[in-house]
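Written out below as structure tokens is the structure these notes cover.
Note that this is a predicted model, so its numbers are computed, not measured. Numbers here simply count residues along the sequence, with the first being 1.
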Amino acid sequence: AAAATHPLLIEHDYLPNGFIKLKGSVDLSTQPTFCEHQVYDHIIFPGVGFIELLAAAVQVIHEPPINSFVLEQVSIEKPLLLNQKKPSIV
């Protein structure tokens, strides 16, 4: 696994089928700004965070890196709840 270049992306792997698996982590103890994003009593990963991860992923998988891309549609089907006691995998 290679290290990623974004604070939320921690590694990526090139799979035999040609896909790339990206792994990210949010640790509320080192990234406390996420604690401000609460719905009722749950801390959730903000929707714009998914866009940020997507932009970082594009830079990881595209050689050479690109300066811009078009995102036509995003659907978030359920919230990503962040664990307050241990890092959450995204």
Side-chain angles (χ1 to χ4, degrees):
T5 58
H6 188 277
L8 297 179
L9 291 177
I10 54 176
E11 66 182 44
H12 63 276
D13 288 316
Y14 294 91
L15 304 177
N17 62 2
F19 289 106
I20 299 173
K21 176 181 167 186
L22 297 144
K23 182 178 179 183
S25 178
V26 176
D27 186 344
L28 297 177
S29 68
T30 60
Q31 298 160 318
T33 55
F34 287 103
C35 294
E36 300 170 4
H37 200 75
Q38 291 190 19
V39 175
Y40 298 106
D41 291 330
H42 301 284
I43 300 171
I44 64 170
F45 191 71
V48 71
F50 289 105
I51 307 303
E52 177 73 20
L53 286 172
L54 175 64
V58 167
Q59 296 306 315
V60 167
I61 64 175
H62 196 275
E63 295 289 335
I66 58 175
N67 293 325
S68 64
F69 63 94
V70 175
L71 178 61
E72 294 185 9
Q73 183 177 343
V74 174
S75 296
I76 300 172
E77 296 183 7
K78 65 180 187 174
L80 174 59
L81 301 178
L82 299 177
N83 191 315
Q84 296 182 25
K85 297 180 178 157
K86 63 180 184 175
S88 300
I89 301 300
V90 295

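Hydrophobic clustering, with ILVMFWY side chains joined whenever heavy atoms are under 4.5 angstrom apart, groups Leu54 together with Leu80. In the hydrophobic clustering of this structure, Val48 does not group with Val74; members are Ile, Leu, Val, Met, Phe, Trp, Tyr whose side-chain heavy atoms approach within less than 4.5 Å, directly or through other members. Leu82 and Ile89 fall into different hydrophobic clusters, where Ile, Leu, Val, Met, Phe, Trp and Tyr side chains are chained together by heavy-atom contacts under 4.5 Å. Cluster annotation: Leu22 and Leu71 are assigned to the same hydrophobic cluster (Ile/Leu/Val/Met/Phe/Trp/Tyr, side-chain heavy-atom contacts under 4.5 Å, transitive).
Counted within 6.0 Å of CZ on Phe19, heavy atoms from surrounding residues, nucleotides or ligands total 12 or fewer; the atom is thus considered open. Summarising the local packing, CG of Asp41 is surrounded by 12 or fewer heavy atoms from other residues, nucleotides or ligands at distances under 6.0 Å.
Shown here for Ser88 and Leu81, the closest heavy-atom pair between the two residues is OG-O, 4.2 Å. Among all heavy-atom pairs drawn from Lys21 and Leu15, the shortest one is CB-CD1, 4.1 Å. Here the closest heavy-atom approach between residue Val39 and residue Ile44 is recorded as CG2-CD1, 3.5 Å.
At least one side-chain heavy atom of Leu8 sits under 4.5 Å from a side-chain heavy atom of Gln31.
The aromatic rings of Phe34 and Phe45 lie parallel to each other, with less than 30° between the two planes, well short of the 60° mark.
Rounded to the nearest 0.5 angstrom, Leu28 CG and Asn83 CG are separated by 7.5 Å.
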